[in-house]
Chemist: 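This is the structure I have questions about; it appears just below.
Here, residue 1 is the first one in the sequence, and each next residue gets the next number. These figures come from a predicted structure and were not determined experimentally.
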Amino acid sequence: MLLALGAQAQPAIEAVSGSIQSGVEVVRIDLSQPLAAIPTGFSIQSPARIALDFPGVSSAIGRSTVEINQGNLRSVSVVQAGDRTRVVLNLKQATAYKAQLQGKSLLVVLDAVALAAPAASSTPVFAENRSRDTLPLKDLDFRRGDEGSGRVVVSLPSSQVGVDIRQQGGTLVVEFMKSTLPEGMRRRLDVSDFGTPVQTVTTFAVGDRVRMVIEPKGQWVHSAYQTDEQFVVEVRPVKVDPSKLTQGPGYSGQKLSLNFQNIEVRSLLQVIADFTNFNIITSDSVTGSVTLRLQDVPWDQALDIILQAKGLGMRKTGNVLWIAPKDEINAKEKLELESIASLQSLEPLRTQSFQLNYTKAADVAAQLTAGGGGANGSRMLSPRGSTISEARTNQLFVTDIPSKLEQVRELITKLDIPVRQVLIEARIVEASDTFGKSLGVKLGGIDLRAQRGGDGGYQLSGDNRVAFGTSYGNAVASSGAGGVANLTSNFVNLPAIGQGGADPATFALALFSSAANRFLNLELSALEADGKGKIVSSPRVVTADQKEASIEQGVEIPFQKATTSGATAIEFIKANLSLRVTPQITPEGSIIMDVEVNKNSVGQSTSAGLAINTKRVKTQVLVENGGTVVIGGIFELTESENETKVPFFGDLPGVGNLFKSRARTSNKQEMLVFITPKVVTDRATR
């Protein structure tokens with residue numbers, strides 16, 4: 001009888017119904033007995049739900065789901081768990097609510113929302129096809145983007161080409177409408193070595209379309225965009241943190257609303273467990289109560305707030321959450337680590353051999369034992385691990401526990417890969433442009449009467465006479481005062497000077513007076529020289545990625561050098577053309593180079609020996625694959641203008657040009673250094 005009375009005293013949910021009264025949607029929950037207080041509840045944004053908890057209430061409606069499909073309410077779920085019952089209102093759109101007691105019933109009033117008509121189902125494409133002609137694709141390339149993303153870049157023949165992109169299972173399929181595929185692009189790219197989620201890119205033709213299948217691995221998301229005639233598909237990795245409740249930046253869980261007054265922490269954790277479908281294990285030391293009011297907060301943020309408020313910690317294993325005080329969790333993890341370390345010291349050792357193909361075994365052994373001064377204390381191996389490298393067969397023998405051997409195997413798989421090679425070609429262009437011009441005159445004169453034995457010289461007035469010559473003795477001899485007159489010398493000697501080693505052209509003119517008493521000799525010379533030249537040197541060398549290479553050509557000039565003992569020794573100095581470069585291929589395919597170019601040649605001879613003309617460029621530059629860049633240049637311009645003249649006579653207008661000579665030179669020299677790197681072997685096209 002007491003049990004029967006107790007059963008009758010416990011309230012029960014007898015019916016659930018929904019109605020619209022004056023445009024307001026009301027959910028009515030009828031119970032067998034009036035409730036003492038309005039039950040607590042929370043709401044969810046996606047999917048849109050409102051959950052109400054009825055402690056100490058059972059369900060008497062005989063089913064778990066009540067279909068309503070009226071207004072914003074789809075259905076009502078009634079689930080009994082132990083001595084409490086949860087009522088969940090499944091909505092079409094998230095909305096707020098108000099609850100009030102009316103006798104034995106609970107009325108839940110939903111706020112009004114604008115319900116949109118269901119949209120017609122369709123599968124949109126990325127870009128509609130507007131091209132009438134079937135054209136071939138231009139190019140297909142793969143690049144590594146920021147944060148380990150993989151980019152497939154396609155050059156379209158026109159911006160009007162239609163593109164359709166969709167995900168099929170674990171692959172990404174891209175179709176280019178009204179397109180053909182050239183023979184050279186029908187291939188399967190293996191891009192697994194780029195360190196992106198994309199493993200392979202396969203392109204083939206299907207009718208009047210070109211289909212490209214991208215096969216990523218792991219967790220990834222994709223995006224696509226088009227700029228003019230360039231279409232890009234980017235696949236980004238999604239970093240999965242097993243310790244986080246939800247993946248992605250920040251809090252990304254479904255939103256809920258909680259409003260509790262002085263609720264036990266263990267009961268609140270149970271509410272969150274029911275909402276998230278996580279299995280929560282709570283330590284016996286978790287006690288206390290909490291009062292909180294949260295409105296539209298992600299559930300993972302709500303759980304984090306609760307744990308911080310009570311000084312609790314959490315450890316996640318799959319879909320199981322273990323919640324305990326932080327000190328208890330830290331102590332347990334410390335015991336586990338100490339246990340693992342003690343087991344490693346007792347675990348039997350194994351020896352495994354690794355055959356290396358592209359990397360030296362000694363280099364890998366040094367990397368495995370780096371940081372500890374040997375095998376013991378290394379970062380990769382355990383304290384008992386050791387390595388032996390055999391150079392003849394290029395094998396590596398590692399002795400360690402099985403877990404460490406597996407780590408070594410994974411490391412060798414990433415290290416023992418073929419190294420890409422780079423062809424570096426340098427062009428050194430030296431251009432010279434010289435110009436020279438000179439203009440001068442020679443005048444010679446002698447008194448013919450002096451040679452006939454008459455009075456020499458030219459009479460001015462009375463017995464005053466004047467005589468000409470290239471020197472004082474020659475002038476005296478021509479006047480008849482004694483000596484032998486020089487018939488070949490000139491009293492004005494201003495000839496043109498040949499430029500560039502060329503002899504000037506000469507022009508002579510002899511004039512005789514009507515009395516035939518004077519002989520004038522006029523010699524006019526002129527030279528105009530114009531010369532141009534160009535020297536091109538093109539050293540080239542092939543080297544592996546991040547390996548220095550050098551090439552040189554030239555002569556070595558001997559020089560005498562005094563030693564400390566006083567004797568002389570022969571020392572050779574290079575006068576050659578050399579190229580020294582260290583390339584580094586970046587993840588996106590460009591090339592960083594440390595370049596040093598020397599162009600030395602034999603210069604002029606000095607009293608100490610031959611001089612060395614040096615031209616040198618040393619720099620670091622970033623160039624795209626196959627591109628050309630000018631890394632340096634030297635431009636030198638030398639101009640000079642000289643004039644030689646006879647004082648006073650050279651300053652006379654017009655006639656003064658017969659008593660002067662001019663020389664003008666212009667010399668331009670220019671050197672440019674071009675660098676062109678190109679990746680010879682690329683693993684993406686194997």
Side-chain angles (χ1 to χ4, degrees), residues 11 13 16 18 24-29 31 34-59 72-74 76-102 104-113 245-246 250-278 280 282 286-312 314 321 323:
I13 298 175
V16 177
V24 179
E25 192 169 0
V26 179
V27 180
R28 185 184 185 92
I29 303 175
L31 296 96
L35 295 177
I38 297 176
T40 59
F42 58 90
S43 60
I44 306 171
Q45 296 291 327
S46 179
R49 293 175 181 173
I50 296 176
L52 301 172
D53 284 337
F54 294 80
V57 177
S58 61
S59 175
N72 191 26
L73 184 62
R74 296 179 183 272
V76 178
S77 300
V78 181
V79 180
Q80 181 178 352
D83 60 346
R84 68 187 181 95
T85 300
R86 171 170 293 183
V87 178
V88 180
L89 308 182
N90 301 312
L91 308 176
K92 297 177 182 178
Q93 292 187 14
T95 183
Y97 73 95
K98 296 179 181 178
Q100 61 183 9
L101 294 175
Q102 190 180 57
K104 297 182 181 180
S105 301
L106 175 67
L107 302 181
V108 181
V109 181
L110 303 179
D111 291 350
V113 295
L245 297 175
T246 57
Y251 299 103
S252 56
Q254 295 181 357
K255 294 183 178 181
L256 55 78
S257 298
L258 299 174
N259 186 4
F260 293 104
Q261 296 290 332
N262 198 23
I263 186 176
E264 292 185 358
V265 176
R266 302 174 68 90
S267 300
L268 184 58
L269 294 177
Q270 185 62 37
V271 172
I272 296 178
D274 295 338
F275 174 74
T276 61
N277 293 326
F278 269 98
I280 295 181
T282 307
V286 176
T287 57
S289 301
V290 65
T291 299
L292 76 163
R293 176 182 176 84
L294 301 176
Q295 186 72 25
D296 293 339
V297 177
W299 71 266
D300 49 349
Q301 184 180 8
L303 179 59
D304 193 18
I305 293 173
I306 297 170
L307 297 180
Q308 291 181 7
K310 304 303 293 184
L312 302 176
M314 177 195 65
L321 302 181
I323 297 178

Chemist: Do Leu52 and Tyr97 come within less than 4.5 Å of each other through their side chains, counting heavy atoms only?
Modeler: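 A side-chain contact under 4.5 Å exists here.
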
Chemist: Atom CG of Leu31 and atom OG of Ser105: how far apart are they, to the nearest 0.5 Å?
Modeler: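 One finds 7.0 Å between CG of Leu31 and OG of Ser105.
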
Chemist: Should Arg86 and Val271 count as side-chain neighbours, where that means a heavy-atom distance under 4.5 Å?
Modeler: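 When only atoms from C-beta onward are counted, Val271 and Arg86 do touch, with a gap below 4.5 Å.
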
Chemist: Contact between Leu110 and Val26 at the side-chain level, heavy atoms closer than 4.5 Å - yes or no?
Modeler: no

Chemist: In Å and rounded to the nearest 0.5 Å, what is the CD1 to CG distance from Ile306 to Leu312?
Modeler: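 If I round to the nearest 0.5 Å, the distance is 9.5 Å.
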
Chemist: Find the distance between CG (Leu303) and CE (Met314) and round it off to the nearest 0.5 Å.
Modeler: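 Interatomic distance, Leu303 CG to Met314 CE, rounded to 0.5 Å: 6.0 Å.
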
Chemist: How close do Pro11 and Gly56 get, counting heavy atoms only, and between which atoms?
Modeler: CD-O, 3.6 Å

Chemist: I need the Thr291 OG1 to Leu258 CG distance, nearest 0.5 Å.
Modeler: 12.5 Å

Chemist: Looking only at heavy atoms, which two atoms of Ile38 and Ala99 are closest? And how far apart?
Modeler: CD1-O, 3.3 Å

Chemist: Output yes when a side-chain donor or acceptor of Gln80 lies under 3.5 Å from a complementary backbone atom of Ser59, and no otherwise.
Modeler: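 It does hold such a pair.
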
Chemist: Is there a donor-acceptor pair under 3.5 Å between the side chain of Thr85 and the backbone N or O of Phe54?
Modeler: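 Pair absent, no side-chain N/O of Thr85 close to backbone of Phe54.
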
Chemist: For Asn72 and Lys92, indicate whether the former's side chain and the latter's backbone hold a donor-acceptor pair under 3.5 Å.
Modeler: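 It does hold such a pair.
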
Chemist: Going through the checks in order, is the side chain to side chain contact (heavy atoms under 4.5 Å, CB included) test met by Leu106 and Leu101?
Modeler: CA-CA 5 Å; Leu106 175 67; Leu101 294 175; 3.7 Å; yes

Chemist: Would you give the length of the straight line joining atom CG of Leu256 to atom CZ of Arg49, rounded to the nearest 0.5 angstrom?
Modeler: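 The distance works out to 12.0 Å.
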
Chemist: Which pair of non-hydrogen atoms, one from Asn259 and one from Thr40, has the smallest distance, and what is that distance?
Modeler: O-CG2, 3.8 Å

Chemist: How long is the span from the CZ atom in Arg74 to the CG atom in Leu89, to the nearest 0.5 Å?
Modeler: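 Here the rounded value is 13.0 Å.
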
Chemist: After noting the C-alpha distance and the side-chain angles of Ile29 and Ile13, does the key distance pass the side chain to side chain contact (heavy atoms under 4.5 Å, CB included) rule?
Modeler: CA-CA 7 Å; Ile29 303 175; Ile13 298 175; 3.9 Å; yes

Chemist: Please evaluate residues Val87 and Val27 with respect to the criterion side chain to side chain contact (heavy atoms under 4.5 Å, CB included), reporting the C-alpha separation (whole Å), side-chain torsions for both, the decisive distance (0.1 Å), and the verdict.
Modeler: CA-CA 11 Å; Val87 178; Val27 180; over 6 Å; no

Chemist: Where do Ala302 and Val297 come nearest, in terms of heavy atoms and distance?
Modeler: N-CG1, 4.0 Å

Chemist: Minimum heavy-atom separation for Leu107 and Gln102, please, with both atom names.
Modeler: CD1-OE1, 3.3 Å

Chemist: Of all heavy-atom pairs between Val286 and Ile323, which one has the smallest distance, and what is that distance?
Modeler: CG2-O, 3.9 Å

Chemist: Do side-chain atoms of Glu25 reach the backbone of Leu73 as a donor and acceptor pair under 3.5 angstrom?
Modeler: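 Between the backbone of Leu73 and the side chain of Glu25 there is a qualifying donor-acceptor contact (under 3.5 Å).
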
Chemist: Verify side chain to side chain contact (heavy atoms under 4.5 Å, CB included) between Ile50 and Val88, making sure each step is shown before the conclusion.
Modeler: CA-CA 6 Å; Ile50 296 176; Val88 180; over 6 Å; no

